[in-house]
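Each remark here refers to the structure printed beneath this line.
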Protein chains: 2
Amino acid sequence: MMTSLAHGAGPLIRKLERLIRLNDDERQALDQLPLRIATFEPGHEITRQGDRPQHCVAVLEGFCSVSKIVGEGGRSIVSFHIPGDIPDLQSLHVAEMDVSLTALTKTRVLLIQHEDARRLCAQSAAITHAFWRETLIAGAIAKEWVVNLGQRDALARVAHLFCETIARLEVVGLADDRRCHFPVTQEQLGEAMGLSTIHINRTLQELRSRGLISWERGDLEALRWEDLKAVGDFDPGYLSLAPDWVVLR
Amino acid sequence: MMTSLAHGAGPLIRKLERLIRLNDDERQALDQLPLRIATFEPGHEITRQGDRPQHCVAVLEGFCSVSKIVGEGGRSIVSFHIPGDIPDLQSLHVAEMDVSLTALTKTRVLLIQHEDARRLCAQSAAITHAFWRETLIAGAIAKEWVVNLGQRDALARVAHLFCETIARLEVVGLADDRRCHFPVTQEQLGEAMGLSTIHINRTLQELRSRGLISWERGDLEALRWEDLKAVGDFDPGYLSLAPDWVVLR
DNA sequence: CGATCGTTTGAAAGGTATCAAGCGCGGTGG
DNA sequence: CCACCGCGCTTGATACCTTTCAAACGATCG
């Protein structure tokens, strides 16, 4: 892991602006935050289950997964994270990490020292609420994954994940026209969807043969968006993409 | 639904005290909150998916489920809630409910008007953090459900749910000696675990025949706790039951 | 050019769903 | 008080989705 000092928390501010309206003081407080940027190579663990980290992570570039160790040597991916996400806000409140955070691609992250994050929260209720909202959306996505894993067969499950991913990436400008980069392996897809790699492969073939998606070398495209949504039983409501946020000040 | 005015937010205070240390001012502010208590009969929806509620719900007595509508007429239970839980905190932040909250038993709840909750948050950072923490724990449980549904077979899945439920109920004094009341039907268990009612039934028989549990008329007992934990691959870490909370003030 | 990783294919085994039907008990009404 | 009813639980047989095992393929890389 390489770290370096950085000035300016532009990406973090943009992220928070999506969650709540910041005033100048808050923007300035964020901008003056002593921030460290770290880069991780694919497969490297940013935070490990059992760690007691002293900082939070905001993803700037790249893709990460949150996973838990299962039984004997297994691993279960519990969520994917994209630029703009803060995947480990719980570390502010719970001492020991109950999950691991892993870089799926080369990933640049902002390290926010806990003391700085706490000071920010103490200074600004709006920032506290923005963090809380980030937690709420992550929870809503997790609930939808519970539905996905519990109720839908392989085809619908993968279709749903693709819809969710495209929808989330569109918000941060990383998907246009239902097309995005989503560089996960079929094995990782399987660990996330509760399916064997082999069945993921066959499911992808089915989605492709139905003309619903194309996916090569990590480039995903929904060829028939409405049909893909229908197959995946996808309703983006839970993502709170149109934030009719209640004003909290 | 019947409502009545109530004075004193004892149960809510006890709940929050588990999440954070309250000072006298905060305790008093909570105690003076104009609170309404409502009672719901089994099967009744406390809040419906699509609603725009003006209040939050704190469970005082009884059991609830949070569920989502799936595809054609299906229902997926995403979480169970026990006394002390505040299952719909997201309604403070997101206008439209993306889930339904249903009473599984006769249930008494505290209705906290959003304006009151917001005033409380504005007055006390500690209460804000307590709510946020409640959200974080709910998220951790949801992630563990993702693991449960994605990675474990029926036997382990049900065993894990029973362990989790007993552990959570012990915290609020509703389980002693690995024994508790957990009055859900096998159908509801199936909707939560992504299994057919029939397979739930066979799984319960297997758990019983192995001498791991007894379960009659909603009374659940873990007969061999350690073995049940092993079968369910249960590690209570994610529940944050021993709150080595970081002091946030 | 061998090695490795990710993907793909085939065949067999296994876990779970579905269909169909019977059981048992508490509640209701005659 | 008893017959009936309905809901939740239980059982058996079959079908289906998904896993597992085994192996080959293709690309990238040193």
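Proteins get letters first, then strands, A, B, ... in listed order; numbering begins at 1 in each. Remember, predicted model here, so these are calculated numbers, not experimental data.
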Whichever of A:Arg217 and A:Gly194 has its nearest DNA chain D nucleotide further upstream toward 5':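 With A:Arg217 and A:Gly194 compared, the 5'-side residue is A:Gly194.
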Distance check needed: [N] [atom2] versus [X] [atom1], whole Å only.
X	N	atom1	atom2	answer
A:Met193	D:dT19	CE	C1'	17 Å
B:Gln151	C:dG15	CD	C1'	16 Å
B:His199	D:dA13	NE2	P	17 Å
A:Leu204	C:dT9	CG	P	12 Å
A:Glu206	D:dT18	CD	P	11 Å
B:Leu149	C:dT16	CG	C1'	14 Å
B:Leu155	C:dG15	CG	P	11 Å
A:Ile198	C:dG6	CD1	P	15 Å

What's the closest nucleotide to the [X] side chain, out of [options]?
X	options	value
A:Arg208	C:dT8, C:dA17, D:dT10	C:dT8
A:Leu195	D:dT19, C:dT16, C:dT18	D:dT19
B:Asp153	C:dT18, C:dT16, C:dT9	C:dT16

What about B:Arg202: does its side chain form a donor-acceptor pair under 3.5 Å with the base of D:dG12?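 Per atom types, the contact qualifies.
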Does a side-chain N or O from B:Asn201 land closer than 4.0 Å to OP1 or OP2 of D:dC9, or not?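 Answer no for this pair, as no side-chain N or O of B:Asn201 is under 4.0 Å from OP1 or OP2.
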On the nucleotide D:dC9, are OP1 or OP2 found under 4.0 Å from the side-chain N or O atoms that B:Gln205 carries?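 Answer is no, no contact under 4.0 Å.
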Using a heavy-atom cut-off of 4.0 Å across all strands, would you classify A:Gly43 as base, sugar-phosphate, or nothing?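 It contacts nothing in the nucleic acid.
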Quick one: pull up [atom1] in [X] and [atom2] in [Y] and give me the separation to the nearest 0.5 Å.
X	Y	atom1	atom2	answer
B:Cys163	B:Lys229	SG	NZ	7.5 Å
A:Ser196	A:Glu191	OG	CD	11.5 Å
A:Leu189	A:Phe80	CG	CZ	6.0 Å

In the structure I gave you, are the side-chain heavy atoms of A:Arg179 and A:Asp219 within less than 4.5 Å of one another anywhere?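 Heavy-atom side-chain distance check fails, nothing below 4.5 Å.
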Determine whether A:Asp227 and A:Arg210 satisfy the following criterion, salt bridge (Lys or Arg N to Asp or Glu O under 4.0 Å), listing intermediate values before the conclusion. CA-CA 10 Å; A:Asp227 292 333; A:Arg210 293 194 188 187; over 6 Å; no
Could you check whether atom CZ of B:Arg224 has more than 12 heavy atoms from other residues, nucleotides or ligands sitting under 6.0 Å from it?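 For B:Arg224, atom CZ is crowded (more than 12 foreign heavy atoms under 6.0 Å).
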Any side-chain donor-acceptor pair under 3.5 Å between A:Glu144 and A:Asn148?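 No - no donor-acceptor pair under 3.5 Å links their side chains.
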Residue-level proximity of residues 181-192 of chain A to DNA chain D when a heavy atom falls under 4.0 Å: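 Of all residues in residues 181-192 of chain A, none places a heavy atom under 4.0 Å from DNA chain D.
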